[in-house]
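A quick write-up on the structure given underneath.
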Amino acid sequence: MAPATTSSAEARRLIGSRRRTEAPRRMLSPSPPPKKVKSMEEILAKAHYAVVERGDYGDVGCEQCGSGERAEELLLCDKCDKGFHMKCLRPIVVRVPIGTWLCPKCSGQRRVRSFSQRKIIDFFKIKKPNLPEEKCDSPQDTRKRRRRSASLVLQKKRRRLLPFTPSEDRSQRLSQMGSLAHALTALQMEFSDDLTYMPGMAPRSANQAEFEEGGMQVLSKEDTETLEQCRAMCKRGECPPLVVVYDSCEGFTVEADGQIKDMTFIAEYIGDVDFIRNREHDDCDSMMTLLLATDPSKSLVICPDKRGNIARFINGINNYTLEGRKKQNFAQLF
């Protein structure tokens, strides 16, 4: 029996139908490459952490010394939940932190390395370090020669600030500045020799001597000259004969690296200026009162937690008596 014939119109419909059916198969894009699977370490490094309280922390010990004693000094990392004594950390933690605290490993804290001469010069922004050193008499020394005939009692009443005498050995001065750079870097601070007024904190206009309750003791002309002379020396890299050392109990402290006379100017107390009301719950251990205004809401404080100088590591300067708080912002040795 002869096969049934198909008309040309029906044949075109079948071909068109077959093409429409097969066309999507030919237009399909190739399958995407397989995604790279991240390791668990990469995921945990970027993942947000949550504080999970355990039922009992009696078995937690310090990761540094291995001891579980002195539980009141034991800090628990909010990420890895490991314990660390406040005095075992480097640098040590002098006060229990407010809010979240991360251990050095979880916070990504880097080890502080030593500073070369070039890095020290760049760190402190020393100007013209290669110029020959010029020794000049201080204004106090000049006036002292003129007043040799004055009585001893009168001289004591008119005692003025003396400028510091930098170490003559340049390598010794580099060592002194290097110790300060090491300490500031360890605390993730920037070096600054001027009070800073940051956005969101107290403006420069808020720091006025006339706002001080009871008045402020303004520096005399002679002391102002001493201050300017010390500033000029610091800019040339001639720093006070001090070295910042690390103590296992007190943290970073300052030691004299040479002879320092009584009433010698050392440094201004430097940091960010802010209203005291904004720092009521701040855990910085080195804040200093700058201005106690008649209106308490306008009182100011210096916060050397982000920017500062060597005064950051000298405790109790010019801030332990009511009379001391009324002096202009500077540090001296008594």
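Everything quoted here is computed from the prediction, not taken from an experiment.
Minimum interatomic distance between L300 and N207 (heavy atoms only, all atoms of both residues): CD1-CA, 3.6 Å. Heavy atoms only, all atoms of each residue included: S179 and Q176 are closest at OG-O, 2.6 Å. Between S299 and A293, the closest heavy-atom pair is OG-N, 3.1 Å. The shortest non-hydrogen separation linking D223 to L161 is OD1-N, 3.0 Å. Between C234 and D193, the shortest heavy-atom contact is CB-OD2, 4.1 Å. Residues P304 and M189 share a closest heavy-atom pair of O-CE, 3.2 Å.
Within the 3.5 Å criterion, the main-chain N or O of S297 finds a donor-acceptor partner in the side chain of R277. A side-chain donor-acceptor contact under 3.5 Å links T226 to the backbone of E222.
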- Criterion side-chain contact (heavy atoms from CB on, under 4.5 Å) on L75 and M86, from CA distance to verdict: CA-CA 7 Å; L75 299 179; M86 298 167 62; 3.7 Å; yes

- Task: Carefully, step by step, assess K306 and T196 under the rule side-chain contact (heavy atoms from CB on, under 4.5 Å).
- Result: CA-CA 10 Å; K306 301 296 183 184; T196 50; over 6 Å; no

- Task: For C230 and E268, run side-chain contact (heavy atoms from CB on, under 4.5 Å): C-alpha distance rounded to whole Å, both residues' side-chain angles, the deciding distance at 0.1 Å, then the answer.
- Result: CA-CA 10 Å; C230 292; E268 295 179 88; over 6 Å; no

- Message: What verdict does the side-chain contact (heavy atoms from CB on, under 4.5 Å) test give for N309 and F124, after you've listed the backbone C-alpha separation in whole Å, the side-chain angles of each residue and the deciding distance to 0.1 Å?
- Response: CA-CA 10 Å; N309 58 9; F124 294 102; over 6 Å; no

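Between F84 and W101, the ring planes are perpendicular. Angles over 60° get that label, and only those under 30° would be called parallel.
Note: the hydrophobic cluster containing M201 does not contain V301 (ILVMFWY, side chain heavy atoms under 4.5 Å, direct or indirect links). Residues V243 and I260 fall into different hydrophobic clusters, defined by Ile, Leu, Val, Met, Phe, Trp and Tyr side chains chained together at heavy-atom separations under 4.5 Å. Hydrophobic clustering (side-chain heavy atoms under 4.5 Å, transitive across Ile, Leu, Val, Met, Phe, Trp, Tyr) groups I310 together with F191. One hydrophobic cluster holds both F211 and Y269 under the rule that ILVMFWY side chains link at heavy-atom gaps under 4.5 Å.
F252 has its side chain within reach of H182: a pair of non-hydrogen atoms, C-beta onward, lies under 4.5 Å apart. Considering only heavy atoms from C-beta on, T165 stays 4.5 Å or farther from P241 through its side chain. When side chains are defined from C-beta on, P203 counts as touching F275, because their heavy atoms get closer than 4.5 Å. Between E212 and L292 there is a side-chain heavy-atom pair separated by less than 4.5 Å. For the pair M287/D282, a side-chain contact is recorded, criterion being any heavy-atom separation below 4.5 Å from C-beta on.
Note that NE2 of H85 is 11.0 Å distant from CD of E63, once rounded to the nearest 0.5 Å. For the atom pair CG (L180) and CG (L242), the distance works out to 9.5 Å, reported to the nearest 0.5 Å. Atom-to-atom distance recorded for D257:CG and Q172:CD is 4.5 Å, nearest 0.5 angstrom. Note that SG of C303 and CG of L195 are 11.0 Å apart. Values are rounded to the nearest 0.5 Å. Distance check, rounded to the nearest 0.5 Å: CG of L89 to SG of C62 gives 7.0 Å. The SG atom of C103 lies 7.5 Å from the NZ atom of K82; values are rounded to the nearest 0.5 Å.
Evaluation of the salt bridge (charged side-chain N to carboxylate O under 4.0 Å, His left out) rule for D274 yields R279 as partners, not counting sequence neighbours. Judged as a salt bridge (charged side-chain N to carboxylate O under 4.0 Å, His left out), and not counting sequence neighbours, the contacts of R70 are E73. Contacts of T294 classified as side chain to side chain donor-acceptor pair (under 3.5 Å), with partners at least two apart in sequence or in another chain: none.
Side-chain atoms of S167 and D169 include no donor-acceptor pair closer than 3.5 Å.
Atom CD of E210 sits in a crowded spot, with more than 12 heavy atoms from other residues, nucleotides or ligands closer than 6.0 Å.
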